[in-house]
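Worksheet for the structure shown next.
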Amino acid sequence: MIILEDIHKVYLRKKVETTALKGVSLQVDKGDIFGVIGYSGAGKSTLVRLVNYLERPTSGKVIVDGQLLSDRSAHELRQIKKDIGMIFQHFNLLESKTIYQNVAMPLILSKKGKKEIKERVTELLAFVGLSDKANSYPNELSGGQKQRVGIARALASNPKILLCDEATSALDPQTTQSILDLLKKVNNEYGITIMLITHEMSVIQKVCNKVAVMEEGEIIEQGSVLDVFGHPKHTTSKNFVQTVVRTEIPANIKRKLAEREVSTLAKLEMVGDHATEPVLQALINTFHLDVSVVFTNMTEIQDTTLAIWYLQIEGKESDKRAAWQFLEEQNVRYEEVTV
Amino acid sequence: MFDTNITLNQFVEAIGDTFYMVGMSLLLGTIIGTIFGILIVVTKPGGIIPFPIVYMILNPIINIIRSVPFIILIVALIPFTRSIVGTSIGNNAAIVPLIIFITPFIARLVENSLLEVGPGIIEAAESMGATPFQVIWHFILPEAFGSLILSLTTATISLVGASAMAGTVGAGGVGNIAIVYGYQRFDSFAMFSTVVILIIIVQVIQSTGNKLARMIRRN
């Protein structure tokens, strides 16, 4: 659906060059909710704006729905933009127009008939739960309601893609949750591919199926959300994951382990159904190992469970080897870690 | 009752003259000035239709005209005025320099009002695939409308002030009475009453403008 190939973006301001993106490549498939996370200044905003060509790449290819955007005329690009909705951190609604008129705007721009506009806007306002606000003005609405209007407006032209530019960053946690639920609904019911950028890992955790981590204009890690949350490779990714899932052993436990002179632990990572299977029991009963749980964490990601166990395991080497084999068969990711 | 040489009729006529001159020049000045203001904003480097040549020509022209004091402008424009309206004296002859005077002023005010519209609104418009004309018509102008009304209010008051100097080319108006009777003939009553009338006119214009802008901005 969206392919970015080796994108470089250099801004020239007052004869000083700033590089915003350094060779970024990514692919978003149809039906994905693709999250891009990074600290401010990482280049996320520039990245998301490449998709609807609000920003043009200095070099590299942007391919949306099979069309190479650099080949398209200004007129064709405007048509392509109608297939890509966008919502913003600060909503960017027209303060001088009613909610109805705001949602109708993309249809007015496409010169649709009054009747068609009325039907579509009524349907969209019902979808986002704001039917009673049609004649209100944006300044009479709360932040969450404004973002709902933004979503309704972005959906008006029946887009295939929805871009979310820090769409929940100006909202409180509860409102954020309701907007994220709405985005999921947009993805499920209309089959719209979503690309969102955020600096909050909890947003990625709650809605995305894929994630890319950005730092200083580069994607340092990308993959399925479960993979990245389970074993982030890069320090920055680890830091982001740590904000919602504790995958590292807390310091006080580490100190106690040091006192007891424990140096190696087994780290088990289980996803979905495996997370609730009686793996521990098998280790103890079937393989006769002496298992003590040092630290554990279970988190819900994308409607499945990610469980991380740190175990101290004692026993015969042959039993251990048999146990590791068993874990592998059970699709439990296993690794030995040094404390 | 008062020791004065002017009659009520003269006052009524003067007020009519002022409204005529201000109204006509405001109408034409607003049309041309708004177009220039929009052109400056959109053709600016980084604007929605970057066209540096238009910007580089319009911008200094506006500055140059705005640098010339109105009283000088009236006199300097006499040949031009004569070629346009066929005479260089009277109310119609005053309207020409008034338009030339107010158009660049309105262009600047319109520019400021339009620049108040946040870049986020324009970005939203572009993300919807709006044409540059649609961006101006459906987004920038409606969002700036309240501010534009206040700008035009300021311009109108400026015109009332400028029209007082129209007497130089034999035009009438309230300001002319103040100068001819009040100042040149030491008629204190004429001076005092014209000042009061001007104060009232300015107050009415300003509060009407404020009210309109508030209605449009809805707060």
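To find a chain, count down the sequence lines: A is the first, B the second, and so on, and within it residues start at 1. Note that the structure is predicted; figures quoted are calculated from it, not measured.
Between A/Ile179 and A/Arg148, the closest side-chain pair of non-hydrogen atoms falls below 4.5 Å.
Taking CD1 from A/Ile197 and CZ from A/Phe34, the interatomic distance works out to 12.5 Å, rounded to the nearest 0.5 Å. Summarising the geometry, atom OG belonging to B/Ser163 is positioned 10.0 Å from atom CZ belonging to B/Phe101; distances are rounded to the nearest 0.5 Å. The CG atom of A/Leu50 lies 10.5 Å from the CG atom of A/Leu163; values are rounded to the nearest 0.5 Å. Atoms OG and CD1, on B/Ser113 and B/Ile106 in that order, are 11.0 Å from each other to the nearest 0.5 Å. Atoms CG and CG, on A/Asn187 and A/Asp32 in that order, are 8.5 Å from each other to the nearest 0.5 Å. To the nearest 0.5 Å, atoms CD1 (A/Ile80) and CD (A/Gln67) are separated by 4.0 Å.
Chain B is approached within less than 4.5 Å, heavy atom to heavy atom, by A/Leu109, A/Lys111, A/Tyr137 from residues 109-137 of chain A, ordered by number. Among the residues in residues 115-135 of chain B, those with a non-hydrogen atom closer than 4.5 angstrom to a non-hydrogen atom of chain A are B/Gly120, B/Ile121, B/Glu123, B/Ala124, B/Glu126, B/Ser127, B/Met128, B/Gly129, B/Ala130, B/Thr131, B/Pro132, B/Gln134. Below 4.5 Å, heavy atoms of chain A meet no heavy atom from residues 24-44 of chain B. Annotation: residues 36-46 of chain A contacts chain B through no residue [non-hydrogen atoms, separation under 4.5 Å].
Of the atoms belonging to A/Leu77, not a single heavy atom falls under 4.5 Å from chain B. Residue contact with chain B, scored on non-hydrogen atoms closer than 4.5 Å, involves the backbone and the side chain of A/Leu94 alike. Of the atoms belonging to A/Glu140, it is side-chain heavy atoms, and not backbone ones, that fall under 4.5 Å from chain B. Interface residue B/Phe139: backbone and side-chain heavy atoms are both found under 4.5 Å from chain A.
Between chain B and the options A/Gln79, A/Gln101, A/His90, A/Lys82, the largest number of non-hydrogen pairs under 4.5 Å is found for A/Lys82. Of all the listed residues (A/Asn52, A/Leu54, A/Ile87), the one sharing the greatest number of non-hydrogen pairs under 4.5 Å with chain B is A/Leu54.
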- Task: With side-chain contact (heavy atoms from CB on, under 4.5 Å) as the test, would you mind laying out the steps for B/Leu150 and B/Arg217 before giving the verdict?
- Result: CA-CA 11 Å; B/Leu150 288 181; B/Arg217 288 175 164 173; 3.9 Å; yes
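Among all heavy-atom pairs drawn from B/Thr18 and B/Val174, the shortest one is OG1-N, 2.8 Å. Considering every non-hydrogen atom in both A/Asp29 and A/Thr193, the closest pair reads O-CG2, 3.4 Å.
Formation of a donor-acceptor pair under 3.5 Å by the A/Gln147 side chain with backbone atoms of A/Gly144 is not found in this model.
For A/Arg49 and A/Asp165, the salt-bridge test passes: some basic side-chain N is under 4.0 Å from an acidic carboxylate O.
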